[in-house]
Amino acid sequence: MDFLSGLNPEQRAAVTLPEQSALILAGAGSGKTRVLTTRIAWLISTGQVSPHGILAVTFTNKAAKEMLLRLSAMLPINIRGLWMGTFHGLCNRMLRAHHREAMLPQTFQILDSADQLASIKRLMKVLNVDDEKYPPREVQNFISGNKEQGLRAHEVEAFDPYTRRKVEIFAAYDEQCQREGVVDFSELLLRCYELLARNQPLREHYQARFRHILVDEFQDTNRLQYQWLKLLAGQHNALFAVGDDDQSIYAFRGANVGNMQELTRDFHVQSVIKLEQNYRSHGNILDAANALIKNNRSRLGKNLWTSENKGEPLRVYEAPTDEEEAKFIVDEARQLNREGIHLAEMAVLYRSNAQSRVIEHALVSAGVAYRVYGGLRFFERQEIKHALAYLRLIQNPGDDNALLRIINFPTRGIGTRTIEQLQEAARAQNVNLWQVAKQTGGKVATFVTLIEMMASATRELPLPEVIDHIILHSGLLVHYQNETGVKQREAQERLENLNELINAATLFVHENEDDSLTSFLTHAALESGESQAEANADALHLMTVHSSKGLEFHTVFMSGLEEGLFPHHNSRMADAGVDEERRLMYVAITRARRRLYLTFAQSRMLHGQVNYNLMSSFLRELPEELLHWITPRITTRNNFSSSGYSSSLTPTSPMNMKGLGGKKSIGAQNSPWHISQAVHHAKFGEGVIVNIEGGDSDMRVQVNFRTAGTKWLALEYAKLTPL
DNA sequence: CCGAGGGTCCTTTTT
DNA sequence: GGACCCTCGG
């Protein structure tokens with residue numbers, strides 16, 4: 001078994017565990033994916049189970065693909081019959097196979113989040129719900145959140161009228177989806193769970209089949225996913241879960257770390273195996289990560305170590321402004337690049353997407369290639385969704401979402417009033433829009449004919465030609481070709497994307513046995529694709545800390561380490577919110593192999609106005625001996641204009657003045673107080689001056705305190721000391 | 001019916 | 001700063 005060689009004792013113990021349920025606590029960079037894939041290879045090659053008896057679950061398609069790739073490299077045998085995929089992908093597969101039992105049409109369509117939101121808005125209009133009082137986004141979260149807890153509308157506890165109303169909308173929404181033959185993401189899981197729970201023969205069939213169930217990133221499972229796993233595992237199957245409680249960063253969307261403890265109870269896990277040897281980072285980086293995460297309560301407990309050397313200290317940089325911070329990062333990245341580190345081996349991380357703009361700006365000015373992760377994905381683009389809506393409609397005319405999206409796009413003179421009339425008629429007759437549209441004359445009739453013509457003309461065509469046909473005959477092609485002026489460039493790109501859609505279909509047909517339209521549409525919904533194509537180009541990576549999970553880089557720039565930004569001030573409200581932020585910081589630190597920069601700015605332009613923040617408390621939690629301050633250490637910070645920074649860093653450069661308003665000069669001439677200055681107050685603690693009013697004797701300052709919030713203080717009375 | 005322009009809001013995100 | 005939603009005038 002040569003794939004066992006090279007494993008450390010813990011990894012080997014995990015891989016070769018007898019047929020029993022297990023929890024593997026796998027730290028960052030400890031070879032988690034390797035253990036999972038080797039476990040599968042070991043189970044199969046020792047003849048303990050055939051590929052047919054294995055179910056492997058991941059969260060992302062990327063992870064599933066990666067595992068399948070590594071597995072086929074290890075096992076030259078046929079692994080068909082092995083079920084590997086995301087929770088949603090696997091549930092979809094089961095629901096398609098048993099659509100009748102699940103009470104779904106065979107060609108049910110999947111709503112992505114945007115579709116779901118549109119669907120909810122449409123419903124709320126029909127129900128006459130005030131969208132000021134009930135923001136559709138919130139209703140969406142309410143519905144998905146409950147479904148992910150395994151709850152249907154009638155099971156939700158509602159003690160107040162407000163919640164009761166939301167429950168009503170929830171119920172009506174589910175009815176609407178059922179009527180239209182569509183299923184949202186959480187519905188895929190819940191419907192599948194209910195199917196297995198209700199249907200004993202089916203449940204027993206799958207239980208008898210999947211003797212080994214393996215789960216990746218187990219800390220990210222929500223209640224429903226765990227219940228689903230439990231149902232499939234039954235009394236006798238082995239659940240092999242791999243996860244890291246310290247990297248649980250998705251509680252805000254329903255992930256329940258508590259599932260890890262529950263698993264050990266429910267499945268009588270004898271021993272939890274910890275993988276603590278890290279193969280990624282130098283010692284100082286791991287020491288910093290360990291020191292930080294120690295501040296979290298209720299951990300399962302784990303300490304990363306490495307046989308590598310300590311490496312260099314972490315580099316800390318304080319910039320006067322976010323622009324200077326960005327400039328510093330770009331300069332350092334260029335320098336490293338000159339020294340031979342590929343740009344693609346470096347990443348700039350930030351807490352929230354809004355922060356990328358300044359960095360992008362600096363990169364563009366410096367002419368450095370970069371690539372932003374996240375953002376709009378291929379199948380989420382407007383033009384692609386339009387094209388897909390035509391496809392959905394020719395296959396399932398009852399899909400009201402799809403019909404509404406394209407009935408007047410490209411514009412064909414069917415306005416809001418006409419559409420409202422259609423909707424009213426449909427509601428009155430309790431039928432879908434398509435059926436009403438068929439009975440209507442005028443421009444609507446022309447549209448109906450168009451769709452019917454497209455349906456019959458494409459019935460016998462291969463998938464790529466179907467798409468080609470609808471792009472042409474829907475008028476999408478001409479519409480974008482006719483765009484002029486400022487929109488022309490954008491339209492050009494949209495046309496290229498539509499062309500790319502045909503390519504995607506061609507590829508899909510080659511790669512999949514089931515090359516039906518339904519299958520392609522499912523693929524589009526479940527695998528929305530990479531946000532940008534050129535993955536191999538040597539470019540600096542820009543992404544949120546969230547999207548960096550699972551990745552690693554030679555050098556990481558963790559930017560915007562400011563109190564209020566990271567940890568984000570909204571996290572204060574959430575239960576154990578700061579702990580989750582700390583785990584996020586832990587993830588960020590552990591992305592770095594060799595070099596880690598920690599940067600922050602005294603002032604930052606956010607949402608169109610300048611903010612002054614203190615250094616992040618996370619930075620203080622790192623042991624001083626691991627840090628190398630490039631700028632003077634913050635605790636000894638003085639009025640920075642006299643602290644001997646190089647001239648490029650002085651805060652009085654013209655760029656910085658914008659947005660400060662006229663207030664900065666007031667009282668600034670002869671007084672020791674100025675905006676962005678760190679101060680200490682006897683009662684409120686540490687803060688930073690964000691505004692100054694009045695002068696001399698009656699001067700008042702506004703201070704943003706670390707813990708006490710923002711306050712106006714009269715200097716005459718308040719005991720403020722400069723830091 | 002349609003596009004231009006004003007007001008509002010603003011963590012994190014995969015499926 | 002900018003995406004998104006709504007209103008208003010042509």
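What you are looking at is a predicted structure, and each value in this text was computed from that prediction instead of being measured. Throughout, protein chains are lettered first and strands after them, A, B, ... in sequence-line order, and every chain is numbered starting at 1.
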Open item on the list: Any base atoms under 4.0 Å from A:Asp112, or only sugar-phosphate, or nothing? Heavy atoms, all strands.
Closed with: nothing
Open item on the list: Does atom NZ (A:Lys385) have a neighbourhood of more than 12 heavy atoms from anything else shown, all under 6.0 Å?
Closed with: yes
TODO: Assign A:Asp184 to base, sugar-phosphate, or nothing according to its heavy-atom contacts below 4.0 angstrom with the strands shown.
DONE: nothing
- [ ] Please determine if A:Arg253 and A:Asp220 form a salt bridge, counting it only when a charged side-chain N lies under 4.0 Å from a carboxylate O.
- [x] no
- [ ] Pick base, sugar-phosphate or nothing for A:Phe252, based on heavy-atom distances below 4.0 Å to the nucleic acid.
- [x] base
Open item on the list: In this structure, how many angstroms lie between the P atom of B:dT11 and the CD1 atom of A:Ile249, rounded?
Closed with: 18 Å
Open item on the list: With a 3.5 Å cut-off and heavy atoms only, can you find an N or O donor on one side and an acceptor on the other between the side chain of A:Ser113 and the base of B:dT15?
Closed with: yes
Open item on the list: Over all strands shown, is A:Glu527 touching base, sugar-phosphate only, or nothing at heavy-atom distances under 4.0 angstrom?
Closed with: nothing
Task: Positive for side-chain contact (heavy atoms from CB on, under 4.5 Å) with A:Asn296, one of A:Asp579, A:Asp245, A:Asp246, A:Val578 - done: A:Asp579
TODO: Please determine, for the side chain of A:Met605, which listed nucleotide (B:dC2, C:dG1, B:dT12) has the closest atom?
DONE: C:dG1
TODO: Could you work out which one of B:dT15, B:dT13, B:dC2 sits closest to the side chain of A:Asn408?
DONE: B:dC2
Task: Cationic N near anionic O, under 4.0 Å, A:Arg371 to A:Glu360 - done: no
Open item on the list: Determine whether the aromatic ring of A:Tyr250 stacks with the base of B:dT12, defined as ring centroids separated by less than 5.5 Å and ring planes inclined by less than 30°.
Closed with: no
Open item on the list: A cation-pi test, strictly: NZ or CZ of A:Arg583 under 6.0 Å from the centre of the six-membered ring of A:Tyr250 and no more than 45 degrees from its axis. Yes or no?
Closed with: no
Task: Among C:dG2, B:dC1, B:dT15, the one nearest A:Arg357 by side-chain distance - done: C:dG2
Open item on the list: Among B:dT12, B:dT13, C:dC5, which nucleotide has an atom closest to any side-chain atom of A:Ser547?
Closed with: B:dT13
TODO: Assign A:Lys443 to base, sugar-phosphate, or nothing according to its heavy-atom contacts below 4.0 angstrom with the strands shown.
DONE: nothing
Open item on the list: From C-beta outward on A:Arg377, which listed nucleotide comes closest to its side chain: B:dT14, B:dT13, B:dT11?
Closed with: B:dT14
Task: Gap between atoms NZ and P, on A:Lys65 and B:dT15 respectively (whole Å) - done: 9 Å
Open item on the list: Checking understanding here: a glycosidic angle within 90° of 0 is syn, the rest anti, so what is B:dT11?
Closed with: syn
- [ ] For A:Leu565, report the nucleic acid contact type (base, sugar-phosphate, nothing); a contact means any heavy atom under 4.0 Å.
- [x] nothing
